[in-house]
2 protein chains.
Amino acid sequence: MDAGGKPRKASARLDGQAQNRSLERGLEILKAFRPGADVLGNSELAEKTGIAKATVSRLTQTLVTAGLLVHDPRARAYRLGATVLSLALAVRLGNPVLQAALPLMRSASDRLRVNVGLATADHDEMVYLDSVRYNRKSALRTVVSGQRVPIELTSLGRAYLAAVSEDQRVAFLRRLQTRRPAKFAVLEQQIVEAIDCVKQNRYCAAAWQLEVVALSTPLVISGLPVYVVNMSLSTPEPLPKVVERLHAPLLSLRSSILDAMDQSLAETSPPL
Amino acid sequence: MDAGGKPRKASARLDGQAQNRSLERGLEILKAFRPGADVLGNSELAEKTGIAKATVSRLTQTLVTAGLLVHDPRARAYRLGATVLSLALAVRLGNPVLQAALPLMRSASDRLRVNVGLATADHDEMVYLDSVRYNRKSALRTVVSGQRVPIELTSLGRAYLAAVSEDQRVAFLRRLQTRRPAKFAVLEQQIVEAIDCVKQNRYCAAAWQLEVVALSTPLVISGLPVYVVNMSLSTPEPLPKVVERLHAPLLSLRSSILDAMDQSLAETSPPL
DNA sequence: CCCCGCATTCCACAGAATGGAATTGATGGG
DNA sequence: CCCATCAATTCCATTCTGTGGAATGCGGGG
């Protein structure tokens with residue numbers, strides 16, 4: 001593979017941030033597991049992450065004894081272990097925004113017959129804390145959490161960009177330019193428009209998948225990262241029509257969530 | 001705290017297993033977050049894990065840049081980050097047993113009006129991969145994954161013990177004896193009975209919470225850890241009555257899942 | 001039976017992690 | 001307004017711990 005140009009000091013993580021290399025690498029290994037790459041052997045991991053085989057072997061061992069990975073001797077490979085699910089449960093139960101929002105999201109989804117999601121940013125993607133998906137047959141109403149979608153293409157991500165600080169926004173755009181030099185001009189244009197729309201109306205809309213339209217609105221809560229609520233639906237209707245129908249309910253959901261948050265913040269901090 | 005007797009070489013992890021200390025510690029920090037301990041500051045973490053403050057500080061920094069932790073400056077504390085949810089989604093999507101079982105679990109839950117869960121062991125607890133909870137009002141049908149329950153008290157755990165190797169079982173009992181010296185005799189008795197019951201009927205039952213009865217049956221699939229399916233329900237009925245009603249459906253669910261697994265295994269491995 | 005690929009173990013090296021102490025920074029009371 | 005307090009971070013000398021190339025083991029397939 002990369003036998004020739006192996007740089008001495010790994011790939012020069014000159015982030016300026018002091019980091020713990022072993023931990024960093026261990027986490028890289030964890031993150032190498034993603035939907036579609038469920039079972040990975042040591043050499044695949046070594047290849048994906050660029051870490052030496054011997055090192056990978058030791059790291060996977062500790063990950064296994066920690067329960068984050070389980071070894072499948074049949075396949076000579078690892079999968080993510082159930083411990084991860086416990087951590088995820090802790091995230092969900094411990095997230096005040098999700099706790100406040102989820103009941104409201106459910107009832108809104110029921111009432112309006114749309115999908116309602118709550119997401120936040122992770123690196124350069126949005127990740128759903130939860131998305132309650134509306135479905136005629138209630139048995140199929142799945143709840144999906146952890147799904148990742150691009151920031152630049154979705155109403156979710158654009159609403160997020162509209163709410164974060166100038167600094168963060170330009171930093172993101174810079175990275176985007178590096179990642180997608182070709183499409184950058186048009187993307188930036190769309191993003192700017194969406195941000196303007198949010199500044200004016202507190203929401204923006206997009207249809208990045210064929211026949212599915214989504215509206216999103218940011219949730220800015222002091223001390224917490226920016227969250228975004230969205231409503232989406234699969235329909236042949238044109239975008240403006242859907243926007244007209246959903247923008248008011250979305251903003252109302254937004255207010256309810258913010259109210260609920262204020263309340264829970266109030267009861268957390270003792271009365272002055 | 002333990003200011004006096006600080007052993008030089010950490011707490012002598014003489015597991016015999018070579019372990020990566022930094023990674024191990026970083027993961028310990030992650031695991032310190034659990035439902036009920038959502039937001040933790042560096043010093044709390046240092047106290048909980050016994051790791052030096054300076055070290056904790058560096059590890060949390062790494063965890064933050066990896067996205068597994070987010071810093072809340074307001075509270076001078078950390079919470080688990082959304083990245084964890086993505087990992088959890090990868091677990092769920094990548095777990096062949098869950099994928100095979102979930103639709104069957106859903107329909108069984110609907111049909112029988114009971115909760116249906118799938119779990120496996122993690123250290124000395126069982127953790128639900130998923131539990132589809134039955135509820136009259138379909139809007140409240142939550143799906144819980146990652147919840148932990150004790151092995152020794154639950155039908156889930158006892159069915160698990162019945163299916164693992166002799167070695168693992170006695171190892172667990174030994175640890176149990178250490179952890180619960182007082183209650184050990186009675187617990188062991190109950191466990192042995194449950195195991196006998198599984199050996200005879202392929203399921204066992206228990207009611208470890210007041211008015212909630214559960215039946216469980218182990219799923220042994222070569223090359224994978226032992227999984228357990230259970231059905232549970234909150235009812236004032238006496239245990240035998242519930243057992244009579246649910247044992248057949250449970251075993252039938254078990255068979256369906258095993259069949260589905262065989263099928264998916266078959267299509268995974270190319271035809272010989 | 002032998003070979004091949006992958007995982008694990010070994011080993012010498014040095015880079016990286018460690019923790020006590022000092023520093024910085026934020027909070028709240030006087 | 002300033003100081004006392006508490007927590008988080010940074011510093012720095014020490015050395016332990018992680019590292020990766022090579023050797024060894026382990027299975028499976030031809």
Side-chain angles (χ1 to χ4, degrees), chain A residues 1-29 39-65 69-78 223 269-270 272, chain B residues 1-29 39-65 69-78 223 269-270 272:
Chain A
M1 278 301 105
D2 43 15
K6 185 105 31 92
R8 276 302 135 74
K9 337 201 71 185
S11 38
R13 304 221 171 284
L14 36 73
D15 303 343
Q17 294 285 62
Q19 294 297 43
N20 184 314
R21 192 156 68 132
S22 316
L23 179 52
E24 198 177 26
R25 288 171 149 194
L27 299 175
E28 257 181 81
I29 288 183
V39 303
L40 299 173
N42 270 339
S43 19
E44 286 174 284
L45 285 169
E47 194 176 332
K48 282 206 176 204
T49 59
I51 303 170
K53 270 149 46 116
T55 307
V56 170
S57 191
R58 278 171 308 216
L59 292 174
T60 49
Q61 280 180 47
T62 62
L63 289 169
V64 166
T65 71
L69 248 40
V70 297
H71 191 182
D72 178 351
R74 173 82 69 261
R76 287 160 163 272
Y78 301 89
S269 58
L272 54 136
Chain B
M1 277 302 101
D2 44 14
K6 186 104 32 90
R8 277 303 133 73
K9 340 199 70 185
S11 38
R13 302 221 173 284
L14 36 72
D15 303 343
Q17 294 285 63
Q19 295 296 44
N20 183 314
R21 195 154 70 128
S22 317
L23 179 52
E24 198 176 28
R25 288 171 149 195
L27 300 175
E28 257 181 81
I29 287 182
V39 304
L40 298 172
N42 271 339
S43 17
E44 287 174 283
L45 286 169
E47 195 176 332
K48 281 207 177 203
T49 58
I51 303 170
K53 271 150 45 116
T55 307
V56 170
S57 190
R58 278 170 306 216
L59 292 174
T60 49
Q61 282 181 48
T62 308
L63 289 168
V64 166
T65 71
L69 248 39
V70 297
H71 191 177
D72 177 351
R74 172 84 67 264
R76 289 160 160 275
Y78 301 89
S269 57
L272 54 135

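- If one axis is set at each end of the helix from C/dC1-D/dG30 to C/dG30-D/dC1 from five pairs, those axes are 40° apart, to 10°.
- Between B/L63 atom CG and C/dA17 atom P there is a gap of 13 Å when expressed in whole angstrom units.
- When every heavy atom of A/I29 is checked against every heavy atom of A/I51, the shortest pair comes out as CG1-CD1, 4.3 Å.
- The nearest whole Å value for the distance from the CG atom in A/L23 to the P atom in D/dT19 is 11 Å.
- Protein atom CZ of B/R25 is 7 Å distant from nucleotide atom C1' of C/dT18, rounded to whole Å.
- Note on A/S22: every side-chain N or O is 4.0 Å or more away from OP1 and OP2 of D/dG18.
- For A/E28 and D/dT19, the CD to P distance is 12 Å, given to the nearest whole Å.
- Rounded to the nearest 0.5 angstrom, A/R25 CZ and B/L23 CG are separated by 11.5 Å.
- Across A/L40 and A/K48, no two heavy atoms sit closer than the pair CD2-CE, 4.4 Å.
- A sub-4.0 Å separation between OP1 or OP2 of C/dT18 and a side-chain N or O of A/N20 is present.
- One finds the CD atom of B/E44 at 12.5 Å from the CZ atom of B/R76 (value rounded to the nearest 0.5 Å).
- Rounded to an integer number of Å, the gap from A/I51 CD1 to D/dG21 P is 13 Å.
- The CD-P distance, from B/E24 to D/dT17, rounds to 11 Å in whole Å.
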Task: Derivation and outcome, side-chain hydrogen bond (donor to acceptor under 3.5 Å, both in side chains), residues A/Q19 and B/T62 - done: CA-CA 5 Å; A/Q19 294 297 43; B/T62 308; 3.2 Å; yes
- [ ] Could you run through nucleotides 5-10 of chain C and give me one letter per nucleotide, 5' to 3': B if any protein heavy atom sits under 4.0 Å from the base, S if only the sugar-phosphate is that close, - if neither?
- [x] -SSSB-
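- Taking atom CD1 of A/I29 as the reference point, atom C1' of D/dT19 lies 13 Å away to the nearest angstrom.
- For the atom pair CG of B/L45 and CG of B/L69, the computed distance is 7.5 Å after rounding to the nearest 0.5 Å.
- Straight-line distance from the CG atom of B/L45 to the P atom of D/dA7: 13 Å, rounded to whole Å.
- Considering all non-hydrogen atoms of both residues, A/G223 and B/P73 come closest at O-CD, 4.0 Å.
- One distance of note links CG of A/N20 with CD of B/Q61; it measures 10.5 Å at 0.5 Å rounding.
- The only option from B/T55, B/T65, B/N42 that meets the side chain to side chain donor-acceptor pair (under 3.5 Å) definition with B/T60 turns out to be B/N42.
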